[in-house]
Amino acid sequence: MVVNVADFIASLDRAAPAPGLSAPLRGLWWAAKGDWDQAHRIVQDEGSRDAAWVHAYLHRVEGDLGNAGYWYRQAGQPTAKDSLEAEWERIAATLLGSTT
């Protein structure tokens, strides 16, 4: 069971995300595993702000900053300026409701 960022990071050793994770967290999990396409498929049709935030992050990873900007606006989030790693952890912490 994933309850915090440390558990979420530890779960990356598995072949698939933990059962019961939201679509945005599953997308973030696949992004960390290096499977951008799978991550994008999961969040692209989700209507939540959380999914839009992960979608923005994915387009930032891709280097498509214009598209990322659109998705940051949809998510109600400022455009990230920090490292991709820091943003990934911030999104995970927020979506998990924790900071550790």
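All values reported here derive from a predicted model rather than from experimental measurement.
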Working to the nearest 0.5 angstrom, can you tell me the gap between [X] [atom1] and [Y] [atom2]?
X     : Y     : atom1 : atom2 : answer
Glu85 : Arg90 : CD    : CZ    : 12.0 Å
Glu89 : Thr94 : CD    : OG1   : 10.5 Å
Asp50 : His55 : CG    : NE2   : 14.5 Å
Leu58 : Trp30 : CG    : CH2   : 13.5 Å

Legend entry - Sole residue of Asn4, Val5, Leu28 in side-chain contact (heavy atoms from CB on, under 4.5 Å) with Leu96: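 In the set Asn4, Val5, Leu28, the residue that makes a side-chain contact (heavy atoms from CB on, under 4.5 Å) with Leu96 is Val5.
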Legend entry - Side chain Lys33, main chain Ala15, donor-acceptor under 3.5 Å: no
Under a 4.5 Å cut-off applied to non-hydrogen side-chain atoms, are [X] and [Y] in contact?
X     : Y     : result
Glu87 : Trp53 : yes
Trp88 : Ile9  : yes
Ser48 : Pro24 : yes

Inset, instruction - Verify side chain to side chain contact (heavy atoms under 4.5 Å, CB included) between Arg60 and Thr79, making sure each step is shown before the conclusion. - result: CA-CA 9 Å; Arg60 186 172 172 230; Thr79 301; over 6 Å; no
Inset, instruction - Could you walk me through whether Val54 and Trp71 pass side chain to side chain contact (heavy atoms under 4.5 Å, CB included), step by step? - result: CA-CA 8 Å; Val54 175; Trp71 288 105; over 6 Å; no
Inset, instruction - Taking all heavy atoms of Ala31 and all of Ala39, pick out the closest pair and write down the distance. - result: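 Ala31 and Ala39 have their closest heavy atoms at N-CB, 3.7 Å.
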Legend entry - Same cluster (ILVMFWY, side-chain, under 4.5 Å), Leu12 and Leu25: yes
Inset, instruction - Report whether Tyr57 and Leu65 are members of the same hydrophobic cluster (ILVMFWY, side-chain heavy atoms less than 4.5 Å apart, transitive linking). - result: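 Unlinked, Tyr57 and Leu65 end up in two clusters.
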Inset, instruction - Look at the aromatic rings of Trp36 and His59 and report parallel, tilted or perpendicular, splitting at 30° and 60°. - result: perpendicular
